[in-house]
Each structure stands twice: as structure tokens, then as C-alpha cells.
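Residue numbers begin at 1 in each chain, while the letters A, B, ... track the order of the sequences. No hydrogens, no waters, no symmetry mates; every other heavy atom, side chains included, goes into these values.
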There are 2 protein chains.
Amino acid sequence: MATTRENMSFRDIKRVVLERIQKRVWAPDSLLPSEVELAEEFSSTRTTVNRALRELAEEGYLERKRKAGTRVLNAPLRKAQFNIPQVRNEIIEAGNDYRYALVTSQMIAAPSWLSAKLGTAPEQYVLYLECMHFADNAPFQYEVRWIVTDSVPTAAEADFATIGPGEWLAQELPFTDLEVSFTATQADQRIADFLDAREGDPIFSTQRTTWLRTQPVTHARLYFAPGYKMTTRL
Amino acid sequence: MATTRENMSFRDIKRVVLERIQKRVWAPDSLLPSEVELAEEFSSTRTTVNRALRELAEEGYLERKRKAGTRVLNAPLRKAQFNIPQVRNEIIEAGNDYRYALVTSQMIAAPSWLSAKLGTAPEQYVLYLECMHFADNAPFQYEVRWIVTDSVPTAAEADFATIGPGEWLAQELPFTDLEVSFTATQADQRIADFLDAREGDPIFSTQRTTWLRTQPVTHARLYFAPGYKMTTRL
DNA sequence: TAGTGGTCTAGACCACCCG
DNA sequence: GGGTGGTCTAGACCACTAT
């Protein structure tokens, strides 16, 4: 019956396998045939079948264990992927004009919560910045950022009136570790003023912390104008 | 000088390449040697080098084009990955007890915004549910959900007093398409009551819409108790 | 058109781990 | 112990695209 005419690419195999999962031909928790058997059915090789199954496993549909075989996950742990864009790109890709402005720039002693978060010495001096990002001249994002100048000495002379700290850091040095989190917060008077919002408005906020190997680099809090929505489809 | 002792695995190659990127041995926007050359340097094969570079490209470090070659991305488009967990698992994995309760269940005519979002006939009847999810008996999430019973006929008889609709749907039928979005919203009186919050509190909210092929299945709005934070590290 | 990455094949050895 | 997936090799053909 199974008239697999030609040899299939790993994409074809992925598609067929996914269909069988979704149509419950292979029910949740059940075991798939081994790679060798599938290679035979698809008149392909184990290498190709392996790539198809490996990618489906990465996408959260399958669980693979040596000797145990390949199993269909019952609760497909679907993974949502978000890009972590530069604000500039985010705005430009939405088809709007981007404008940047520096609000404040000064050296301060790191507040204790920041030292704790970054793992720096208490009271260590850091560069404190506040910036605004506009889309078509409307407030888009209010950014509050701390840069550990000990880790990034050149930051002390950078001209953040011209270029946003996020962008500058991206081209100045790489990072190896990144922590991102998202919360809903409430606009205080200052945030409200910058974002053309009212005090008390719900504000979508992102926090990013980056390290270069073990060295803390920067912490940023990004406050988005009311109505911001982060979306992904898969 | 380059005393590459043994043949390296694709993981080794990934590590070395990533180091060179991060140490600017290969600067942003610059071109890497071709796969053949790298295979020679690492005394490996093109297949293995290919896998290493392909994965680094998927992770957002490189851009690869036929003929053009492999280029280091200047603004590493880092990708954050979030799991899309069942509330139950999210709560249990945090070490808390999970409890579920059904608040409301009724058939209603779909409001027009929902028909538009899902692409269903106007006024089509859908199952409307409100539910609560508790962590250690404290309100964790208030869920509002619409299920297209035409697409999921068995939903009409499911006992949502016993099992949450998210969980039931996951085991009842697969989905092929998913849209997720995140916003900050403001607690109205009803939401505040359910979540032990005050009216006006900022609330982190997730919206999920799923389809089975072209068929709309469900739309859900999940309101998290104040203080909720979604975090990922990479 | 030439050079690069994209993919497949055929075979091999190995690591893991269930029974 | 033996079956499964994990990975590597060596070679080939092809698809795309910069020049």
C-alpha cells in the first residue's frame, strides 16, 4: 500500500511524521518505529530520518532516548520563540520612523538591589542612563539602564546623546549570557510623563541583564507605551 | 601553530567558532572561511562543520547564504525561547499545590471581535468558560476561554468542573497553529475580585489562539495575579 | 558561470540504557 | 546483552546567487 514513490527529503519526512502525530496515527505516549524501520518505509537513509526526528524533538513534539526509542509527547511542550530586537529595528520593521533621545546620564553608586542582581561589589560606581525611543515621534519606549563601567571602560566616553546604549553595547562588545523577563507594571508620574500615559496606567515592561562570561555588563528596564503587545505565531 | 590534535565533534566546532565570534577574531559583518576550509582546519568533514554552522545560524549568530558564504551578524538577533506550559505544570514545577475551579460555563453567540479573530461565522455559538487556577490556594491565574464547539463537538459534554479546558483540549485534540501574545492590562472589578487584587492593578495577561489546520479551535485570555513575572535565560 | 551552502547516501562506531 | 539513537566520515549532486 505505502507507495513511497521517490526518496523523500528530511522536510518531507518531518511533514509526514507531524501529520501522523496530529491525526493520532501515532497517539500521544506511543512509540514510533525505529529510525531504521522508518528509513526503510520512506526509502531513505537513517541519517535523513534522524535529522527529521531530531528537529521534531527540538520543536517539542517528540522525546527521544537511546534504546527506549522515540515517543510522542502527550502534552506537546510547544515553545514560543521571540526575537530580542533592538528597539530601532523593532520600530523600523513596523514601518515607522525611529527617533532616539537621551534624557539623563550620570555616574552613580549602584543601589544595593542592582549589586545583588549583578553580583558586583556594593556601592560600585555605574553609569546610569535614561533614554527615550520614539516611533513616528510618538513615545514608544522609555529606557532606564545601568552599565557597569568596570566591565565596559569605553562606555564612560561613549556619546549616548547620539546613539542608544543598547545599540552601542551591541556593537561595542558581545555578551555571553542574557536574562530577560517580562512583567506588567504601573506607570508612576515620571514614566507616565515620558510615555504620554496617565499615572496608574498598566505598562508592559521588559528587563534585560547581560553578562560577558562571568562579568556583569548591564541591566536595563524597558517601559513600553500603553497598548504595547508582544506577539508570536507558530 | 593551529595544532588541532584530534578530530573535533560538531559541538567542539560550535564552541570554537562561538569563541572566535565573541573574541572578535571574526568581527561582526566579516566573512568566515568556507565550510571546506574549516573542515580542513578542524581536520573534520564538511558535514560536521555544516551542522555546527547551521546550528549557530539558527541560534542567531551567523547568516548563511549560498555563494555569498557565512557572515557574522553584527546585531546578534538573540532569540528567547519560552515554554508554553499548562498552568498545572507551571505551578507544580514551582513547588506549589495546584487547584482548579470552574467559575462559569455557558453557550453564547460569539461576540463580533471573536468571530473576526477566529474567522468564524458571525454569531456562531461557542462555549464560554471562566476558570480559576490556584497555587497553594492563592489565586494564580484567572482564565477566560471560548471554545468553538463546531470544531470540537465533544467539548459540549466535557466536564470542565473537573478538568481545566486547557488540559482537556491538549489531550482531546492537537493543534497545528498557535498565536500567543502578551500585554499589560488593568484589573477591572471582576478580575480584581478573582485575583485578590485591587481594581486598577496592573495585570500581566497572555492571549492564546489555536487552530487545527484552518479550523479555529479556541481563544483564551489568561490573567495572572499581580507580581507575575515571565523569565528566561539564555 | 563559478563558488558556496543545502542535502542525501552508505556505511561505520559508539554511548546509553532497558530488560 | 542487545537495540536504540548520536554522531562522524567520505563522497556526491544540486540550488542558489554574487559577480
Side-chain angles (χ1 to χ4, degrees), chain A residues 2-18 20-21 26-74 76-77, chain B residues 2-18 20-21 26-74 76-77:
Chain A
T3 52
T4 46
R5 315 176 177 287
E6 299 299 322
N7 38 9
M8 303 166 75
S9 75
F10 80 95
R11 283 173 210 283
D12 297 328
I13 298 180
K14 276 183 76 172
R15 191 175 33 73
V16 171
V17 170
L18 191 52
R20 292 195 189 164
I21 294 172
W26 290 324
D29 278 330
S30 68
L31 226 47
L32 265 61
S34 75
E35 294 187 345
V36 178
E37 293 171 294
L38 288 174
E40 199 170 341
E41 174 187 349
F42 297 133
S43 59
S44 173
T45 58
R46 196 164 82 84
T47 313
T48 302
V49 171
N50 178 278
R51 176 157 180 197
L53 296 187
R54 174 164 32 91
E55 291 195 358
L56 286 172
E58 274 166 15
E59 290 164 24
Y61 295 101
L62 300 173
E63 182 191 37
R64 319 193 72 202
K65 270 197 290 218
R66 283 155 151 131
K67 167 67 180 181
T70 300
R71 191 175 292 282
V72 179
L73 284 178
N74 46 7
L77 225 212
Chain B
T3 52
T4 45
R5 315 176 175 287
E6 299 299 322
N7 37 10
M8 303 164 76
S9 76
F10 80 94
R11 282 174 210 284
D12 297 328
I13 297 179
K14 276 183 76 171
R15 191 175 34 72
V16 171
V17 171
L18 191 51
R20 292 194 189 164
I21 293 172
W26 290 323
D29 278 329
S30 68
L31 225 47
L32 266 61
S34 74
E35 293 188 345
V36 178
E37 293 171 295
L38 287 174
E40 198 169 340
E41 174 187 347
F42 297 133
S43 59
S44 175
T45 58
R46 196 165 82 85
T47 312
T48 303
V49 171
N50 178 277
R51 176 156 182 198
L53 296 188
R54 175 164 30 93
E55 292 194 358
L56 285 172
E58 274 167 15
E59 290 163 25
Y61 295 100
L62 300 174
E63 183 192 34
R64 318 193 73 203
K65 270 197 289 213
R66 285 157 152 133
K67 167 69 179 180
T70 300
R71 192 174 293 282
V72 179
L73 284 177
N74 47 6
L77 225 210

Side chain B:Arg64, main chain B:Thr70, donor-acceptor under 3.5 Å
no

Using a 4.0 Å heavy-atom cut-off, write out nucleotides 11-19 of chain C from 5' to 3' as B (base contacted by protein), S (sugar-phosphate only) or - (no contact).
BB--BBBB-

With nearest nucleotides of DNA chain C determined for A:Thr48 and B:Pro33 from heavy-atom distances, which residue corresponds to the more 5′ nucleotide?
B:Pro33

Expressed as a whole number of angstroms, how long is the span from [X]:[atom1] to [N]:[atom2]?
X: A:Met8; N: C:dT7; atom1: CE; atom2: C1'; result: 15 Å
X: B:Leu62; N: C:dT4; atom1: CG; atom2: C1'; result: 15 Å
X: A:Arg71; N: D:dG3; atom1: CZ; atom2: C1'; result: 15 Å
X: A:Leu38; N: C:dC8; atom1: CG; atom2: C1'; result: 17 Å
X: A:Glu40; N: C:dT9; atom1: CD; atom2: P; result: 14 Å
X: A:Ile13; N: C:dT9; atom1: CD1; atom2: P; result: 8 Å
X: B:Leu56; N: C:dG5; atom1: CG; atom2: P; result: 14 Å
X: A:Asp12; N: C:dG6; atom1: CG; atom2: P; result: 18 Å

Taking OP1 and OP2 of [N], is either one under 4.0 Å from a side-chain nitrogen or oxygen of [X]?
X: A:Ser9; N: C:dC8; result: yes
X: B:Arg64; N: C:dG6; result: yes
X: B:Arg11; N: D:dT7; result: yes
X: B:Arg51; N: D:dG6; result: no
X: B:Asn50; N: C:dG6; result: yes
X: A:Thr70; N: D:dG5; result: yes

Can you list everything that forms a side chain to side chain contact (heavy atoms under 4.5 Å, CB included) with [X]? Sequence neighbours excluded, please.
X: B:Ala68; result: B:Lys65
X: B:Val72; result: B:Ile21, B:Trp26, B:Ser30, B:Leu32, B:Leu62
X: B:Thr45; result: B:Thr47, B:Thr48
X: A:Arg46; result: A:Glu35, A:Val36

Of the options C:dG5, C:dC8, D:dG5, whose atoms approach the side-chain atoms of A:Phe10 most closely?
C:dC8

Using 0.5 Å steps for rounding, measure from the CZ atom of B:Arg11 to the CD1 atom of B:Ile13.
12.0 Å

Apply salt bridge (Lys or Arg N to Asp or Glu O under 4.0 Å) to A:Glu55 and list each qualifying residue two or more places apart in sequence or on a separate chain.
A:Lys14, A:Arg51

